[in-house]
Protein chains: 2
Amino acid sequence: MNHSSSHAREPLNVDKLVEAAAKLFRQQGYAATTTRQLSGDLGIQRASLYHHISTKEDLLFEISIRSLTQIIDAVSSAVDAAPPDQRMRTLISAHLATALSGQDMHATMLIELDHLSSERRAAVVAKRAAYERLVGREVGQAQAAGLLRGDLSERQLTLALLNLLNWTIFWYRPDGADTPTSLAAWMGDVFLLGAEPR
Amino acid sequence: MNHSSSHAREPLNVDKLVEAAAKLFRQQGYAATTTRQLSGDLGIQRASLYHHISTKEDLLFEISIRSLTQIIDAVSSAVDAAPPDQRMRTLISAHLATALSGQDMHATMLIELDHLSSERRAAVVAKRAAYERLVGREVGQAQAAGLLRGDLSERQLTLALLNLLNWTIFWYRPDGADTPTSLAAWMGDVFLLGAEPR
DNA sequence: GTCTATACTTCGATAGAC
DNA sequence: GTCTATCGAAGTATAGAC
């Protein structure tokens with residue numbers, strides 16, 4: 001049950017490596033994070049890292065793909081299980097719950113894309129586009145059902161929604177005033193009902 | 001009128017340095033940008049940089065302070081010149097116009113804060129807080145005037161608005177479908193009126 | 001699977017001439 | 001105010017023993 005000590009040497013696996021890397025990448029940025037810090041935090045020597053990965057970039061790629069797989073799976077299954085008139089609110093709360101539970105990975109994925117090789121960057125860009133299409137599809141269906149206004153385009157509503165959700169990841173602190181659940185409630189209110197009185 | 005050639009050697013000043021640095025910092029991140037690239041883009045030798053600045057960090061600090069000074073001045077004067085019922089829409093369009101006209105500087109200011117020394121970071125944090133208070137004050141006054149709903153807190157409406165505005169800086173491209181003006185119009189619509197039909 | 005030791009590269013910044 | 005030349009520190013990754 002000793003989670004804090006670096007002496008309790010449980011077997012090191014890639015999951016632990018990815019988690020520690022995401023924390024550092026988010027705090028300091030990918031480029032400023034050194035393999036010395038990473039191995040230090042894990043309680044191993046630098047050279048031991050290279051038994052599990054072959055370059056530092058592997059970690060950034062793994063973080064990016066995992067965070068996108070997570071949010072795509074979580075949001076699409078949550079939305080599909082929701083009643084038709086609750087799909088948008090369900091999307092908002094599933095997105096925030098997932099992104100904020102893996103905040104280090106998600107923030108890193110959103111901001112460090114340019115440090116990947118071109119092949120890997122293309123793979124991450126494609127996966128991000130797939131998620132954004134998923135959100136766009138929900139918006140479009142809600143518009144067709146009359147649940148969202150039709151005088152703005154699907155693209156405009158989708159971009160506004162993603163703005164609202166994505167920037168949250170950069171300022172949210174778990175010890176602050178909000179939980180992911182409370183956040184989803186009032187952000188849903190602002191997005192769906194607007195800031196002017198109804 | 002030769003703006004593109006590095007042979008037309010106009011006198012180099014700190015403004016040009018800051019501009020070139022902001023472009024690189026946004027494209028590659030502060031930590032990954034080298035003084036070799038910067039001097040190369042400016043058509044001078046590395047050592048010549050240090051006649052104008054003393055460290056690379058000076059440039060990041062200058063970028064952060066300048067972008068915040070710009071947006072505080074632009075938004076507060078625009079809002080003060082607007083009729084009471086147009087202050088929120090004016091804030092949105094002034095914010096977007098300013099931030100997107102200095103997109104490299106603003107994106108850098110928003111994302112690279114942690115690479116400043118603690119004293120300089122504190123100065124930038126304070127200035128960012130001042131801007132956010134300015135926005136919060138507008139939101140609070142609009143609530144008091146009945147122009148914005150009172151069943152959400154000033155803090156919630158302000159955070160939602162800043163989310164909407166700030167993340168835009170990271171995906172907006174001047175050659176895309178939107179101008180800062182058109183963007184401000186539909187983002188104002190989403191924020192003020194909401195995504196559901198009225 | 002982790003270690004010690006190190007090869008090799010690139011970095012920010014400085015010295016001092018012109 | 002820009003140059004040539006270089007310093008010392010720090011980086012990623014590898015070699016090879018255990």
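Reminder, nothing fancy here: chain letters follow the sequence lines and each chain counts from 1.
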Closest approach to the side chain of B:Ala47, judged atom by atom: which nucleotide of C:dC3, C:dG12, C:dT14 is it?
C:dT14

To the side chain of B:Tyr50, which of C:dT2, D:dA13, C:dT14 is closest?
C:dT14

Measure the acute angle between the ring planes of B:Tyr30 and B:Phe25, then classify it against the limits of 30° and 60° as parallel, tilted or perpendicular.
perpendicular

From CD1 of B:Ile53 across to P of D:dT2 the rounded distance in Å is 13 Å

Candidates D:dT4, C:dT4, C:dG12 - which lies nearest the side chain of B:Thr35
C:dG12

If you go through the side-chain atoms of B:Arg36, does one of them form a donor-acceptor pair with the base of C:dG12 closer than 3.5 Å?
yes

For the pair made of CG in B:Leu12 and C1' in D:dG1, what is the distance, rounded to whole Å?
9 Å

In whole Å, what is the span from the CD atom of B:Gln28 to the P atom of C:dC11?
10 Å

Interatomic distance where CD1 belongs to B:Ile44 and P belongs to D:dT4 [whole Å]:
12 Å

On a heavy-atom basis, the closest approach of A:Met187 and A:Thr168 is CE-OG1, 3.2 Å

Is any side-chain N of the basic residue among B:Arg66 and B:Asp15 closer than 4.0 Å to the acidic one's carboxylate O?
yes

From CG of B:Leu49 across to C1' of C:dA15 the rounded distance in Å is 16 Å

Assign A:Thr33 to base, sugar-phosphate, or nothing according to its heavy-atom contacts below 4.0 angstrom with the strands shown.
sugar-phosphate

Please say whether more than 12 non-hydrogen atoms of neighbouring residues, nucleotides or ligands are located less than 6.0 Å from NZ in B:Lys23.
no

So what does B:Ser48 hit on the nucleic acid, given a heavy-atom distance under 4.0 Å: a base, only sugar-phosphate, or nothing?
base

Tell me whether A:Glu19 at atom CD has more than 12 heavy atoms from other residues, nucleotides or ligands lying less than 6.0 Å away.
no

Can you check the A:His52 NE2 to C:dG1 P distance for me, whole Å?
7 Å

Nearest-Å distance for atom pair CZ/C1', residues A:Arg46 and C:dA5
10 Å

Return whichever of A:His51 or B:Thr55 has its heavy-atom-nearest nucleotide of DNA chain C closer to the 5' end.
A:His51

Once you round it to whole Å, what is the distance between C1' of D:dC3 and CG of B:Leu42?
16 Å

